[in-house]
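Numbers restart at 1 for each chain; the letters A, B, ... are given by sequence-line order, proteins then strands.
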2 protein chains.
Amino acid sequence: MAGKDHVGGSKAVTLTDVARFAGVSVATASKALNGRSQVAAHTRARVLQAAEQLSFVPNTLAQGLLVGRTGTVGLLTSDLQGRFVIPILMGAEDAFGAGRINVFLCDARGDTIREQHQLKALLSRRVDGLIVVGSQTDRRPSVGHDLPVPVVYVYAPSDDPDDLSLVPDNVAAGRLAVEHLLSCGRRRIAHVTGDPSYAAAQDRVKGALEALDAAGLELVGEVMYSEWSERWGRDATAVLLERYPDIDAVLCGSDQIARGALDTARDQGRKVPGDIAVIGFDNWDEMVTNSRPELTSIDPNLQLLGRSAAQRVFAALDGDEMGNGVHTQAPRLVIRGSTVARR
Amino acid sequence: MAGKDHVGGSKAVTLTDVARFAGVSVATASKALNGRSQVAAHTRARVLQAAEQLSFVPNTLAQGLLVGRTGTVGLLTSDLQGRFVIPILMGAEDAFGAGRINVFLCDARGDTIREQHQLKALLSRRVDGLIVVGSQTDRRPSVGHDLPVPVVYVYAPSDDPDDLSLVPDNVAAGRLAVEHLLSCGRRRIAHVTGDPSYAAAQDRVKGALEALDAAGLELVGEVMYSEWSERWGRDATAVLLERYPDIDAVLCGSDQIARGALDTARDQGRKVPGDIAVIGFDNWDEMVTNSRPELTSIDPNLQLLGRSAAQRVFAALDGDEMGNGVHTQAPRLVIRGSTVARR
DNA sequence: GAAAAGACCGAAAACCTTTTCCGTTTCGTG
DNA sequence: CACGAAACGGAAAAGGTTTTCGGTCTTTTC
């Protein structure tokens, strides 16, 4: 009753079928469909109509085999939750207009052997390039140079300076955050952040200190390092408010930490943004829009990162020099209620 | 200096190269590498070594062209944040062991024309099957029956009963949640949930009422519908606590709503789980582990869903009847501190 | 020692598309 | 009317792999 077309027979329709149906050779059919010039207008029309009628879809495999380009890239990730990788993927998809390239998404689950497997599988599928996405902004081992396709590292840079890496500019992000706080009139700013072994933490601190320095100010107290959790955000803010009751802003190393800070401020009856401003990093949608008040944050522009990664890959295929080193992507400030009172 | 291999020359090594290197024909080389029986042991060894030495990677495109199977599936989604699609993708990847199949992830951004484009692109790449992932559990328009490959709908069922859909069993989830609350000794349970137009909301209500009924109990007050946000969770719980101060559990329609409930309980000095138990749905990692206390939740087992989707696709290719209708996946209870005091 | 059987290897077709090159037709021009 | 050119359509090769079938060589059996 519910017999499907793909079972038993009804093979996919090929160019030969179209050609026969239109009464021309496959060569002509191909030329007509690809807009080559050596075919008369009425012949082209006939072929197009035949293709339409048979709902012909060209076999990209055969094309790729012949042309040596598949129009695919492999996205190799270890970002288990997909928080970073999804915007990067969307950016890559969009790099050349909708549907022009397709992306194989592979999750290595942080396992090196698994990563090797996936890598091999992607190469056997003749992807045109590789985008490697790490889950932290720390350097990660290179997947190797002797690969037959261009490789771009995104979010987490490669540990090999000969590789090309595109990462968010966390120093600029730190600077941008502090400049915003200053422009809101804040002067007594403390900084709570995550794991000090993360490059992201250090870079943001660096940028923040630069901006403070430029304004002739200093951070209130020491930078408070620990882990990237709301719990730490809560605990650290509690300590902070006790030790320095007069602070007027908390710069938080992530949106999660910022949410914790908001919770503690609320628990202790401090008004946000009236008494204290709070700002986070990542602009992670679920975090920033669900807090009380909504959270001002620094967006790392991941989608742009994905887009330029894909563009670099195909530029390299077209003969451009791949380039190397670590390139940074400027961040973007998104202002919400945690730093500026709602209109 | 940093010249890359993929620029200029050094073509990918082919089976012909391996064969020549090993001093055999391509036919023999192919048989040797694929473990066919018609080749002598020492010949096979020689071929294998040659392949190793030249670091030969078979061209899957050529294989697919010939065999008519590519070992790829297309994952067509509109889940912008990737919250559901990532576990489903991981399940699909794992369905046949690591690296056996690869997944094209396509984000249609909720745009129908874009979806059509992506669909066509995937078909032209000769994917072996299609997995369509919706962002809500409501029925979604079918992508059509006249496709040359099997299609499975996951998370959001197709609106066409002839299609096969795999979805989380939200009725069972509702039941499971209430049964857990009852087993914790709760008797006065209220229910705050999201948008009433969502099937997920209705199904969970249904299951919850069934379980209460079986225990001879009733819900405290009416089901409170509105939106899937923390804000609503907070507001609704405030109303609830004022109107029915004696409730001992809040069943929340999502983890986000549950977080809101926890916040309000805390604001009003109610102890969780001492005075009030709170339970959510989805088992969304960031939500459940960052709340105070950590949140008990119902996990929809999305990874299993993705796995069986992929298995169904390939079973259909092997001639099995595809089946149709909506099949459900049993949920799993994950107990945390919001219903049971920490040991 | 010869014939039959078995083990092993290789040539070639097939998959589907693109592109080059060549043959044919048509048209314009002298 | 004839010639050259331009326009158009088709045959064939190429891309890398798998599989079938036939051929060669070794082994076994009487």
Where the side chain of [X] is defined as all heavy atoms beyond and including C-beta, which of [options] is the nearest nucleotide?
X	options	value
V67(A)	dT18(D), dG10(C), dT18(C)	dT18(C)
A27(B)	dT17(C), dT19(C), dA12(C)	dA12(C)
L15(B)	dT18(D), dT19(D), dT17(C)	dT18(D)

message: Any donor-acceptor pair under 3.5 Å linking the side-chain atoms of H117(A) with those of D111(A)?
response: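 There is no such pair (donor and acceptor under 3.5 Å, judged by atom type) between the side chains of D111(A) and H117(A).
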
query: Regarding D107(B) and T77(B), is there a side-chain donor-to-acceptor distance under 3.5 Å anywhere?
result: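 Not at all, the side chains of D107(B) and T77(B) share no donor-acceptor pair under 3.5 Å.
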
Taking only the side-chain nitrogens and oxygens of [X], find out if one of them lies under 4.0 Å from OP1 or OP2 of [N].
X	N	result
T14(A)	dT17(C)	yes
T28(B)	dC9(C)	no
Q63(A)	dT17(C)	no
N34(A)	dT18(C)	yes
S30(A)	dT18(C)	yes

Separation of [X] atom [atom1] from [N] atom [atom2], in whole Å?
X	N	atom1	atom2	answer
L61(A)	dT18(D)	CG	P	14 Å
Q38(B)	dT24(D)	CD	P	18 Å
R125(A)	dG15(D)	CZ	C1'	18 Å
L33(A)	dC16(C)	CG	C1'	13 Å
H42(A)	dC8(D)	NE2	C1'	9 Å
L66(B)	dT18(D)	CG	P	8 Å
R126(A)	dG16(D)	CZ	P	8 Å
K31(B)	dT17(D)	NZ	C1'	13 Å

task: Report yes or no: does S158(A) contribute a side-chain atom to a donor-acceptor pair with the main-chain N or O of Y153(A) at less than 3.5 Å?
output: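 No; zero donor-acceptor contacts below 3.5 Å.
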
task: Check whether any side-chain N or O of N59(B) sits under 3.5 Å from a backbone N or O of A62(B) as a donor-acceptor pair, and report yes or no.
output: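 Checked: pair present.
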
Ionic contact status for [Y] with [X], cut-off 4.0 Å:
X	Y	answer
E93(A)	R109(B)	yes
D318(A)	R69(A)	yes
D128(B)	R100(B)	no

message: Let me spell it out: for each of V26(B) and N59(A), pick the nucleotide of DNA chain C with the closest heavy atom. Which residue's pick is nearer the 5' end?
response: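 The residue closer to the strand's 5' end, by nearest nucleotide, is V26(B).
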
- prompt: Heavy-atom contacts under 4.0 Å between residues 43-50 of chain A and DNA chain D, which residues?
  reply: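 Within this stretch, T43(A) sit under 4.0 Å of the strand.
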
